[in-house]
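Keep in mind that what you see is a predicted model, and the values were worked out from it rather than measured. Chain letters run A, B, ... following the sequence lines, proteins first, then strands; residues in each count from 1.
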Amino acid sequence: MFPSVNEQMDVIRDGAIEVLPEDELVRKIENSIKNNKPLNIKLGADPSRPDLHIGHAVVLHKLRQFQDLGHKAILIIGDFTAMIGDPTGKSKTRPQLTLEETRINGQSYLEQATIILKKENLEVVYNSDWLGKMNFSDVIQLAARYTVAQLLERDDFSKRFKSGIPISVHELLYPLAQAMDSAQIKADVELGGTDQKFNLIVGREIQKAYGIEPQCIVTMPLLEGTDGVEKMSKSLDNYIALTDTPKEMFGKVMSIPDALITRYMRYAAFSPENQAVAVEKGLANGTVHPRNAKVETAMKIVELYHSKQAAEAAFEEFERIFKNKELPDEIEEMQIDNSEMGLMDLLVATGLAPSKKEAKRLIEQGGVFVDQNKVDDPFQKIDLKSKRLLKVGKRKFLYVLAK
RNA sequence: GGGCAGGUACCGAAGUGGUCAACCGGGGCAGACUGUAAAUCUGCUGGGCUCCGCCCUACGGAGGUUCGAAUCCUUCCCUGCCCA
């Protein structure tokens with residue numbers, strides 16, 4: 001029923017940064033095979049930001065691999081923790097979500113996650129089910145199992161502590177809450193990004209403290225965003241959403257710096273390692289053109305979430321717009337109340353510019369075209385009795401017409 | 001509770017009475033170039049107008065001093081450090 005231990009370990013190690021402790025995992029798998037019992041594979045989901053991107057896909061993909069090996073994926077929707085509102089980092093006080101909102105977000109998270117996960121061998125649980133029931137003495141008991149020094153070992157805590165950036169007490173409790181989840185569902189393995197390593201290890205300790213066999217941990221790399229520097233995240237707006245259209249996906253992949261091509265091959269396109277290595281070498285010695293490698297990767301990614309046809313269409317359109325500087329095949333059309341408007345006002349009215357000042361700047365910098373002709377006078381009147389084509393920057397196209 | 005240091009635009013960070021819509025860096029946007037929405041270079045980066053100039057809003061909040069305040073005073077809120 002289950003593949004052999006070696007086969008399983010190969011799959012698990014593939015693409016992972018760390019698998020620890022390995023020997024313990026081998027033992028767990030051996031037992032699983034012997035008793036014909038799947039392992040519980042845990043992945044925590046943060047429903048405060050329910051828009052999944054291909055950075056999340058790295059770890060979801062790993063979870064899917066476990067499913068394919070016959071193990072049981074347990075997706076924990078962290079509705080309780082999201083409800084408290086994670087104040088980590090510099091972000092302003094995050095609006096506190098109600099339980100209801102986190103449930104709705106959780107649902108949307110789930111819908112997106114199942115683009116990658118299969119529905120068989122999948123259990124979805126909400127951590128408010130147990131964390132919400134703990135009373136203060138339960139919390140104290142939990143907190144007593146860990147020390148401040150241990151918590152401050154966490155890199156971001158110690159950095160913040162040293163540089164005098166506030167750490168609220170409840171933030172210190174976060175790893176413990178997450179660890180509680182592991183104890184609750186008796187996780188055998190927990191997956192996470194490398195940034196989660198600390199939390200995952202705390203899970204082991206807390207499980208032991210509650211008399212449960214500790215989980216093994218598998219950490220996956222954090223995928224850099226399209227800017228090539230920061231990790232992919234919605235708040236930095238450097239992400240490629242799982243639900244992005246083929247065109248957007250393709251374009252965004254094309255905008256990553258060349259240096260990231262092989263990383264995206266491995267962790268976004270999930271290309272086989274030997275291919276990634278081949279491209280790596282080719283790029284280094286000049287036999288592979290970076291643009292072609294990027295195009296291929298972009299197409300693979302689009303294909304993963306859409307289809308081969310969609311990928312080809314996206315590629316063709318990209319060529320058309322950016323290489324041949326032609327028009328996209330579909331351009332939105334908008335109706336305007338006035339039959340004539342100043343260009344600046346028109347840009348604001350159509351939402352192509354957020355303010356008149358901004359519109360003026362765009363025009364003066366030569367970024368605005370009407371019917372393919374550059375217009376540099378912000379006060380130029382545009383006659384809208386017939387359909388006109390607006391182009392702002394390289395990527396925004398819109399037809400406008402008076403009602 | 002006491003002492004000290006801080007709170008400036010999306011972020012970081014200058015600025016200590018007028019020349020400040022506020023240096024600089026990052027980010028973002030636009031342009032040039034290209035191999036792409038890569039890289040590099042250049043410009044722009046609060047809003048409105050009767051638009052080569054004028055007006056409004058903005059330097060934690062609220063008051064005040066002054067012809068004039070991000071800059072001085074009062075008070076409140078917030079953060080860090082040290083002491084208790």
Side-chain angles (χ1 to χ4, degrees), chain A residues 87-93 157-169 171 224-241 244-265 268 279 282-283 286-299 301-302 311 314-328 342-345 347-349 351-369 373-381 390-397:
Chain A
T88 310
K90 297 153 212 153
S91 58
K92 316 221 160 47
T93 316
F157 281 152
S158 63
K159 268 190 198 141
R160 282 163 69 185
F161 189 66
K162 274 178 203 147
S163 52
I165 299 167
I167 304 170
S168 302
V169 173
E171 290 184 84
E224 292 82 355
T226 51
D227 60 348
V229 181
E230 300 294 335
K231 76 170 182 177
M232 186 173 286
S233 84
K234 194 182 182 202
S235 48
L236 293 170
D237 197 28
N238 62 358
Y239 67 104
I240 302 176
D244 271 345
T245 63
K247 287 175 208 169
E248 281 174 311
M249 247 185 207
F250 190 91
K252 285 182 183 178
V253 177
M254 291 304 284
S255 80
I256 63 170
D258 290 353
L260 240 61
I261 293 171
T262 51
R263 263 186 91 71
Y264 269 59
M265 279 185 76
V279 170
L283 287 173
T287 53
V288 171
H289 195 295
R291 180 175 184 275
N292 296 339
K294 216 190 274 186
V295 165
E296 228 170 274
T297 307
M299 287 188 71
I301 292 170
V302 175
F315 169 62
E316 278 163 27
E317 174 137 329
F318 190 87
E319 291 276 288
R320 191 156 62 231
I321 299 174
F322 298 111
K323 200 170 176 186
N324 309 331
K325 309 224 190 273
E326 291 168 17
L327 299 178
L343 183 54
M344 208 163 63
D345 296 299
L347 292 185
V348 175
L352 291 170
S355 71
K356 288 194 176 187
K357 280 268 194 217
E358 182 69 31
K360 192 179 175 194
R361 260 176 239 131
L362 284 166
I363 295 164
E364 283 172 349
Q365 287 179 130
V368 178
F369 291 74
N373 300 313
K374 188 191 284 183
V375 177
D376 50 17
D377 173 14
F379 296 98
Q380 169 114 32
K381 294 285 183 199
L390 292 179
K391 181 187 176 208
V392 176
K394 291 189 179 81
R395 297 153 55 192
K396 292 186 205 157
F397 298 87

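- The same atom, C1', is picked in G12(B) and in C76(B); the two are 28 Å apart, to the nearest Å.
- Annotation: the span from K234(A) atom NZ to Y239(A) atom OH amounts to 5.0 Å, rounded to 0.5 Å.
- If you take atom P in G63(B) and the same atom in C82(B), they sit 36 Å apart, rounded to whole Å.
- Looking at E248(A) and K252(A), no side-chain N of the basic residue comes within less than 4.0 Å of a carboxylate O on the acidic one, giving no salt bridge.
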Using nucleotides 49-51 of chain B, report all nitrogen or oxygen pairs with the protein that are shorter than 3.5 Å.
residue : atom : partner : partner atom : Å
C49(B)  : OP1  : K356(A) : NZ           : 2.3
C49(B)  : OP2  : K356(A) : NZ           : 3.3
C51(B)  : O2   : K360(A) : NZ           : 2.2

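- Here the separation of G64(B) from G15(B), taken at their C1' atoms, is 23 Å to the nearest Å.
- Using N1 to N3 plus N6-O4 or O6-N4 for Watson-Crick, or N1-O2 and O6-N3 for G-U wobble, each under 3.5 Å, U71(B) pairs with nothing.
- The main-chain N or O of L327(A) is never found under 3.5 Å from a side-chain atom of K391(A) such that the two would form a donor-acceptor pair.
- With its glycosidic angle more than 90° from 0, C44(B) adopts the anti conformation.
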Close N or O pairs between protein and nucleotides 77-84 of chain B (under 3.5 Å):
none

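- With rounding to whole Å, K231(A) atom NZ is found 18 Å from G27(B) atom C1'.
- To the nearest whole angstrom, the two P atoms, one in G53(B) and one in C4(B), are 48 Å apart.
- Rounded to the nearest Å, the gap between the P atom of G48(B) and that of G35(B) is 39 Å.
- As rounded to the nearest Å, U16(B) and U34(B) have P atoms that lie 47 Å from one another.
- Pairing partner, C24(B): G12(B), with both Watson-Crick or wobble hydrogen-bond distances short of 3.5 Å.
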Distances for protein N or O near nucleotides 34-45 of chain B N or O, under 3.5 Å:
residue : atom : partner : partner atom : Å
G35(B)  : N1   : D258(A) : OD2          : 3.0
G35(B)  : N2   : D258(A) : OD1          : 3.1
G35(B)  : N2   : D258(A) : OD2          : 3.0
U36(B)  : OP1  : R291(A) : NE           : 3.4
U36(B)  : O2   : M254(A) : O            : 2.4
U36(B)  : N3   : K294(A) : NZ           : 2.7
U36(B)  : O4   : D258(A) : OD1          : 2.5
U36(B)  : O4   : D258(A) : OD2          : 3.3
U36(B)  : O4   : K294(A) : NZ           : 3.3
A37(B)  : O2'  : S255(A) : N            : 3.2
A37(B)  : N1   : R395(A) : NH2          : 2.9
A37(B)  : N3   : R395(A) : NH1          : 3.4
A38(B)  : O4'  : K294(A) : NZ           : 3.2
A38(B)  : O2'  : D258(A) : N            : 3.3
G43(B)  : N2   : Q365(A) : OE1          : 2.8
G43(B)  : N3   : Q365(A) : OE1          : 3.1
C44(B)  : O4'  : Q365(A) : OE1          : 3.2

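- Within the model, atoms CE of M344(A) and CG of L362(A) stand 11.5 Å from one another, a figure rounded to the nearest 0.5 Å.
- A donor-acceptor pair under 3.5 Å links the side-chain atoms of S355(A) to the main chain of E358(A), judged by distance alone.
- Between the side chain of Y264(A) and the backbone N or O of E224(A), at least one donor-acceptor pair lies under 3.5 Å.
- When both distances must be under 3.5 Å, the Watson-Crick or G-U wobble mate of C59(B) does not exist.
- The closest side-chain heavy-atom distance from I363(A) to L343(A) is below 4.5 Å.
- We find that CG of L347(A) is positioned 14 Å from P of G47(B), with the value rounded to whole Å.
- U45(B) and U50(B) have their C1' atoms separated by 26 Å, with the value rounded to a whole Å.
- Other residues, nucleotides and ligands contribute only 12 or fewer heavy atoms inside 6.0 Å of the CD atom of E296(A).
- Put simply, CZ on F379(A) and CG on D345(A) are 8.5 Å apart, with the number rounded to the nearest 0.5 Å.
- For U79(B), the paired base is A5(B) (Watson-Crick or G-U wobble, both distances below 3.5 Å).
- Judged by distance alone, with hydrogens and angles left aside, the side-chain atoms of E171(A) form a donor-acceptor pair with the main-chain N or O of S168(A) at under 3.5 Å.
- Taking the ring centroids of F322(A) and F318(A), they lie under the 6.0 Å cut-off.
- Under the side-chain contact (heavy atoms from CB on, under 4.5 Å) rule, V253(A) has a single partner from I240(A), V302(A), L260(A), V295(A), which is I240(A).
- A distance of about 43 Å separates the P atoms of A37(B) and C55(B), rounded to the whole Å.
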